[in-house]
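Structure first, then comments.
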Amino acid sequence: MAIYLDHAATSPLRPEVLEAMMPYLTTHHGNASSIHASGRRARQGLDEARETIAGLIGAKPREIVFTSGGTEADNLALKGVAWAASARGRHIITSSVEHKAVMNTCAMLERRGFEVTYLPVDRYGRVDPSELAAAITERTILVSVMAANNEVGTLQPIAEIGAVCRAHNVPFHTDAVQAAAFGPPTPDAWQATLIALSAHKLGGPIGIGALYVRQGTALLPQMQGGAQERQRRAGTENVAAAVGFATAMRASYRETPNTALRDRLIGALTGLTGVQLTGHPTERLPNSASFVIEGIEGGDLVAALDLEGIEASTGSACTTGSVEPSHVLLAMGIDEQLAHGSLRLTLGPETTAADVERTISVVEGCVARLRASAPQVAASA
Ligand SMILES: *Cc1c(COP(=O)(O)O)cnc(C)c1O
């Protein structure tokens with residue numbers, strides 16, 4: 001079995017999640033909008049899933065909108081608020097290290113006449129709340145800053161950001177897809193108006209997520225059709241997935257992540273020559289170890305590790321050496337050449353100390369081998 005260290009990309013389905021989903025994939029096959037007994041049973045499963053998720057994050061069940069995933073939740077938050085508020089103003093503020101689901105939605109809105117401010121970040125990838133305060137104008141209709149970064153694991157000062165938004169009376173959306181794997185998002189403590197979630201980053205099935213929408217928020221639906229999800233997201237509800245999502249979330253919060261394994265990985269790899277940690281040293285996701293490594297292409301290293309049975313990531317969507325380096329690393333001020341050598345290792349509940357030790361020695365060996373075979377001009381050019 002491979003050592004799977006790519007939990008930030010997707011996490012394996014928890015056995016109890018599959019078990020909870022099974023009845024809804026087999027005998028409980030009704031449409032949750034049907035009146036008959038099968039429909040009512042499906043509706044009950046959906047209602048319970050919604051209540052569980054709402055209860056875990058301290059929200060009301062009516063404030064949870066199920067979506068097809070984190071991407072759709074981000075799209076619904078940004079476009080839904082932008083279109084609903086466009087008569088009042090057309091200015092949106094986000095950060096320069098967001099997931100593509102936010103970045104590319106903002107780019108689309110820019111093409112449709114919205115103005116987007118991309119806040120800079122410090123070398124650890126953190127937004128300065130006072131810079132956010134300075135960027136807010138009378139025309140600002142939404143702020144969107146992620147709770148935790150998917151590439152480098154950095155946690156944002158989310159409650160401070162929420163407080164700034166509240167003080168200026170601007171709706172605040174946060175992409176908490178990564179953060180939500182390690183503790184419930186807290187709409188009230190964060191003073192968040194909208195929060196994007198996804199099941200498959202916390203041991204649930206791929207293809208379901210949710211958007212928390214604070215009661216009273218004006219949101220234009222992005223999917224037209226039936227009256228599901230209180231008319232905010234049309235389409236027959238994916239009951240089995242919703243049940244799996246709720247089960248996975250509850251299971252996640254019963255665990256304490258093993259930060260000692262992550263710290264061992266960080267300590268050992270940053271001890272190698274030309275390897276540096278990316279993201280914040282302490283304010284980071286408990287399972288995330290990310291690096292830039294001199295003299296290699298991240299994609300080559302990931303391929304080499306795969307041959308040795310270790311599944312990792314460069315941390316960005318691109319996997320081949322020739323493509324653009326990560327916008328996150330560049331925003332953090334990392335040199336473009338160095339940014340090509342990114343490696344992200346994200347641990348899961350099944351990761352053992354032996355897995356970590358093997359990973360350390362394999363990474364060391366692969367890096368040495370790749371450097372030795374690299375064209376000599378690369379270093380001086
Ligand atoms: C994975 C991820 C998403 C996208 O979620 P999907 O459910 O895969 O669409 C959005 N934001 C962040 C931070 C993510 O890590």
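We count ligands from 1, going down the list as the structure has it; atoms in each ligand are counted the same way.
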> Applying ring pair (Phe, Tyr, Trp, His ring centres under 6.0 Å), which residue pairs with at least one partner in residues 70-125 are found, sequence neighbours left out?
Replying inline: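 Only Trp83-Phe114, Tyr124-His280 qualify under ring pair (Phe, Tyr, Trp, His ring centres under 6.0 Å).
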> Which residue pairs pass the ring pair (Phe, Tyr, Trp, His ring centres under 6.0 Å) test when at least one of the two sits in residues 172-214, sequence neighbours left out?
Replying inline: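 Checked against ring pair (Phe, Tyr, Trp, His ring centres under 6.0 Å) - neighbours excluded - no pair reaches residues 172-214.
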>> At less than 4.0 angstrom from any atom of ligand 1, which residues have a non-hydrogen atom? List them by chain and residue number.
In response: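 Gly69, Gly70, Thr71, Asp74, His99, Met146, Asn150, Asp175, Val177, Gln178, Ser198, His200, Lys201.
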> Quick one: hydrophobic cluster around Val17, which other residues, with the 4.5 Å side-chain cut-off, linked directly or via members?
Replying inline: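 Via sub-4.5 Å side-chain contacts, Val17 links to Leu13, Leu18, Met21, Met22, Leu25.
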>> Looking at every heavy atom in both Val302 and Thr314, which two are closest together, and how far apart are they?
In response: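 Between these two residues, the closest heavy atoms are CG2-N, 3.7 Å.
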>> With a 6.0 Å cut-off (strictly less than), is the heavy-atom count around CD of Glu283, excluding the residue itself, greater than 12?
In response: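 For Glu283, atom CD is crowded (more than 12 foreign heavy atoms under 6.0 Å).
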> What residue among Asp6, Ile3, Val356, Asn258 forms side chain to side chain contact (heavy atoms under 4.5 Å, CB included) with Leu347?
Replying inline: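 Exactly one pass, corresponding to Val356.
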